[in-house]
Amino acid sequence: MPTPSTQTLRDAVRDAVPIVIGYITLGLAAGMLLSAAGLSWWWAPLWSVLIYSGTMQMLLVPLAGAGEPLAAIAASAVFVSGRHVFYGLGFPLDRIRARALARLYAIHAITDEVYALLASKDRTRMSGRYLLSVEVICHSSWTAGTTAGALTGTWLAALVGERIELLGFVLTSLFVILAIENWRTHPDPSVLALGLVAGAA
């Protein structure tokens, strides 16, 4: 079977589709969580563009909502998203022959999912256009998802008032559903036990 091409924008769109679906779904939950914490909707696109770490953005909502000091937020960011530095070190930056700004963006836009996708490809066959296109598509889908979620949450807040805080359950319920679906697909007791131990720790 021939190896799928990894050169053009069309190739990038094809390969990014699963990530886009996941990012829009998770982004909606993250945006609603932001609204439930009483933060303005515009924080969603701002954080999505500048931070672009789903885990950190979700953690930032209660930290910012509680007025935690900047030093505590920075320390949390190091512990939660520090792994992204190593993604940048392993990224095939040599394939991007564009300007320095594009190369810096390429490092900034690496997430767990994008890195996993690119690591599964033959790096010698990937073009710079393909790499940047995958990242821009995924980054845009995350930003669109969080913004849509925040706007929806803001609209709901206008309808239900203070009860909007009840939307804080969306993230928990999302991961519960994902865990149930994963169990139905791959019922492995050892994975379940490992997850419970990790959660307890």
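Numbers here simply count residues along the sequence, with the first being 1.
- With rounding to the nearest 0.5 angstrom, the OG atom of Ser127 is 9.0 Å from the CG atom of Leu132.
- From Asp112, atom CG reaches atom CD1 of Ile19 across 10.5 Å, with rounding to the nearest 0.5 Å.
- Counting heavy-atom neighbours within 6.0 Å of Arg14 CZ, excluding the residue itself, gives a total above 12.
- Between Ser35 and Ala150, the shortest heavy-atom contact is OG-O, 2.8 Å.
- Both Leu34 and Leu46 are members of a single hydrophobic cluster when ILVMFWY side chains are connected at heavy-atom separations under 4.5 Å.
- Following chains of ILVMFWY side-chain contacts shorter than 4.5 Å, one cannot reach Val78 starting from Tyr52, and the two form parts of different hydrophobic clusters.
- The same ILVMFWY cluster, assembled from side-chain heavy atoms under 4.5 Å apart, contains both Ile107 and Leu50.
- Listed for the Ser141 side chain is a donor-acceptor partner under 3.5 Å among the backbone atoms of Cys138.
- For the side chain to side chain donor-acceptor pair (under 3.5 Å) with Tyr130, the lone residue among Thr8, Asp15, Asp11 that qualifies is Asp15.
- When all heavy atoms of Met126 and Leu118 are compared, the closest pair comes out as CE-O, 3.8 Å.
- Through direct or indirect side-chain contacts shorter than 4.5 Å among Ile, Leu, Val, Met, Phe, Trp and Tyr, Leu70 is connected to no other residue.
- Of all non-hydrogen atoms in Thr25 and Ile21, the two that sit nearest each other are OG1-O, 2.9 Å.
- Between Val20 and Val17 there is no side-chain heavy-atom pair separated by less than 4.5 Å.
- Hydrophobic clustering of Ile, Leu, Val, Met, Phe, Trp and Tyr side chains at less than 4.5 Å, counting indirect connections, unites Val49 with Met56.
- You'll find the side chain of Leu60 reaches within 4.5 Å of the side chain of Trp47, heavy atoms only.
- Pairs of residues two or more places apart, or lying in two chains, never qualify as side-chain hydrogen bond (donor to acceptor under 3.5 Å, both in side chains) while including a residue from residues 61-77.
- Distance check: Ile110 CD1 to Leu117 CG gives 12.0 Å after rounding to the nearest 0.5 Å.
- Residues Gln57 and Trp142 have side chains that bring a donor and an acceptor to within less than 3.5 angstrom of each other.
- One finds the CD1 atom of Ile24 at 11.0 Å from the OG1 atom of Thr143 (value rounded to the nearest 0.5 Å).
- In terms of hydrophobic clustering, with Ile, Leu, Val, Met, Phe, Trp and Tyr side chains grouped at heavy-atom distances under 4.5 Å, Tyr115 and Ile51 are assigned to a common cluster.
- Heavy atoms only, all atoms of each residue included: Ala148 and Leu28 are closest at CB-CD2, 3.8 Å.
- When all heavy atoms of Thr146 and Ala44 are compared, the pair lying nearest together is O-CB, 3.6 Å.
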